[in-house]
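From a predicted model like this one, the values you see are computed outputs, not experimental measurements. Note on naming: letters A, B, ... go to the chains in the order of the sequence lines (proteins, then strands), and numbering restarts at 1 for each one.
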Number of protein chains: 2
Amino acid sequence: MGVFVMKLRTMNSNASNTQNPLSGAASGGSSGTAVSVASPTFSPLYQQIKALITQSLQSGEWKPGELIPSEIELASRFKVSQGTVRKAIDELAAENLVVRRQGKGTFVATHHEARSQFRFLRLAPDEGVPHYPENQIVEVKRLRAPAEVARMLDIKSGDSVIFIRRVQSFSGVPTILDDLWLPGAIFKGLTAERLNEYKGPMYGLFETEFGTHMIRASEQIRAVCADEQVAQLLQVAAGTPLLSVERVSFTFGDKPVELRRGLYLTSHHHYRNELN
Amino acid sequence: MGVFVMKLRTMNSNASNTQNPLSGAASGGSSGTAVSVASPTFSPLYQQIKALITQSLQSGEWKPGELIPSEIELASRFKVSQGTVRKAIDELAAENLVVRRQGKGTFVATHHEARSQFRFLRLAPDEGVPHYPENQIVEVKRLRAPAEVARMLDIKSGDSVIFIRRVQSFSGVPTILDDLWLPGAIFKGLTAERLNEYKGPMYGLFETEFGTHMIRASEQIRAVCADEQVAQLLQVAAGTPLLSVERVSFTFGDKPVELRRGLYLTSHHHYRNELN
DNA sequence: AAGTGGTCTAGACCACTAT
DNA sequence: TAGTGGTCTAGACCACTTT
């Protein structure tokens, strides 16, 4: 591994420390590692280290919830200073891929924690504290991906996808109707039983049972009116205004692995967003 | 100023460098400076420096768009290392209070820049690239703050507030109806003429003309139906579903200085949100 | 007491911009 | 050429957690 990093180091004119007087050698288009440069842009060492750590996260060398090696140990492994490892981990922590705990170590982020329950659920009650809703699976079936769905999931039209429809309720009041489309190749074997058995956030199940960790998502929000079918499922009058939240979720490598269309009843809840 | 920082330093058991062997002295509840501890919690030096820089931003010592002193100069002024100043500025940059430009320096953030035009405007067209909308001021008047508005703006019920109603259009199509309430004490002299004369983002005008820089905002989003009056202003049928976006904007010191209720037509646009 | 992340410093060199 | 922010290192000590 040391040699590997040395290689990386020489890929940039970045050898500033006196102990490693490797110089010049602007980014050569040599072997095609994951970190190799697509453009001849400058890439600092800590970014390369970050990429290496991310690879270990993706490959499952360190699993969600587990402790990763200490900064000193990683520095030794990669043959860089602790400060450089620290900066790499700083960015990973900012992206919620890992969680730092002073005195204990750095842990792989997981969706099985109270802390991250509301990271992807932005609907909050107008009054009172947020609660996690009850789930009711309405339907689970396999189908062939329509063109639109295939495009969003970056798979071929007609490929197998798993369709899930569920209703989420707060204190027994139906509030969210979700339709999900998941690539069949990744979520093979996902059934209504498994979804119903599982108590907790769906992304936790995906992470544990299918090895797929959602790391970010992109949402498009619109206002729509409930049609007859939706109105019945949410137990409201047809024509009731609803928030339409279309989400694409991504795992490592910016790979889309979930398409979701949520309809939110906002009579007593709202979608919360902080602009910074 | 040097003495001031020395004081700060001794407020924590934080004097780790060998050149400044000030020791112990756990946070005493002494004099009430801006940085003084409300709770006896540990506050690192760079946070204190960050607070001092923020004060200079708030006081207008460095105005929006201007260059602030270099890291080395600030380090000298505050009698700390460049690395400590750097970490303070890193956080200010992450919060969009300043902008770093390699080789040029660090600048005070401003709302008069293409970069930040869409920081507080999340409505994007379903197809094509985002554009900044045309403004049409419908109404500007002074009134006494209703209880609800006063509560949100942290002023007294009945205090003077300025009410603004405007319509924003994309390519001539009315899409956003905004109602704004601003504290009269801060925005004294704001008229329809000034709003109409001014080309560019409203927050830029607030920043330049009223010395009030919005630094963050909190939004609550719901789905509603257009009533008769709204429908007429947006030139749609009554009952059309609209996004209701209720925003409270804050300036330094978490002081609320704007209440805004936007109604967004989402037939050909959507509210974009990235979850990380 | 030992190990972890968190802070702070000092010094070197690199990348970028302006003069 | 000089000045700025950006990266990298090495070493010290602090705060927190566990043994």
Would you indicate, yes or no, if C:dG5 has its OP1 or OP2 atom less than 4.0 angstrom from a side-chain nitrogen or oxygen of A:T106? yes
Nearest whole angstrom, please: distance from the P of C:dT7 to the CD of B:E91. 8 Å
Distance in angstrom units between B:I72 CD1 and C:dG11 C1', rounded: 12 Å
To the nearest angstrom, the CD-P distance between A:E71 and C:dG3 comes to 16 Å
Could you check how far NZ of B:K79 sits from C1' of C:dC8, rounded to whole Å? 17 Å
If I take atom CD in residue A:Q47 and atom P in nucleotide D:dG6, what distance separates them, rounded to the nearest angstrom? 13 Å
Identify whether the distance between the nearest side-chain nitrogen and carboxylate oxygen of A:K255 and A:D154 falls below 4.0 Å. no
Measure the distance from NZ on A:K87 to P on D:dG6 and round it to the nearest whole Å. 8 Å
Under 4.0 angstrom between B:K104 side-chain N/O and C:dA18 OP1 or OP2: yes
Contact check, side chains of B:L123 and B:Q168, non-hydrogen atoms, under 4.5 Å: no
Judged by modelled atom types alone, do B:Y271 and B:E219 share a side-chain donor-acceptor pair under 3.5 Å? yes
Are a donor atom and an acceptor atom from the side chains of B:S56 and B:S59 found within less than 3.5 Å of each other? no
Which is more 5' along DNA chain D, the nucleotide nearest A:G103 or the one nearest A:G83? Just name the residue. A:G83
Which listed nucleotide (D:dG5, C:dC8, D:dT7) is nearest to the side chain of B:Q102? D:dG5
Picking from D:dT7, D:dG6, C:dC8, which would you name as closest to the side chain of B:P44? C:dC8
Above 12 or not: heavy atoms from other molecules or residues under 6.0 Å from CD of B:E274? yes
Which of C:dT4, D:dT4, C:dT7 is nearest the side chain of B:Y46? It is C:dT7
Take atom CG of A:L67 and atom P of D:dT17, then tell me their distance rounded to the nearest Å. 15 Å
Do the side chains of B:F120 and B:P201 get nearer than 4.5 Å, heavy atoms only? no
Rounding to the nearest 10°, end axes of the helix from C:dA1-D:dT18 to C:dA18-D:dT1 built from five pairs each make an angle of 10°
I'd like to know if the side chain of A:Y203 pairs up with that of A:E258 as donor and acceptor (distance under 3.5 Å, no hydrogens or angles considered). yes
Is there a side-chain polar atom (N or O) of A:R101 under 4.0 Å from OP1 or OP2 of C:dT4? no
For the pair made of CG in B:D90 and P in D:dT4, what is the distance, rounded to whole Å? 17 Å
N or O in side chain of A:S81 less than 4.0 angstrom from D:dA10 OP1/OP2: no
Of all the nucleotides listed (C:dT9, C:dG6, C:dC16), which has the minimum atom distance to the side chain of A:R86? C:dG6
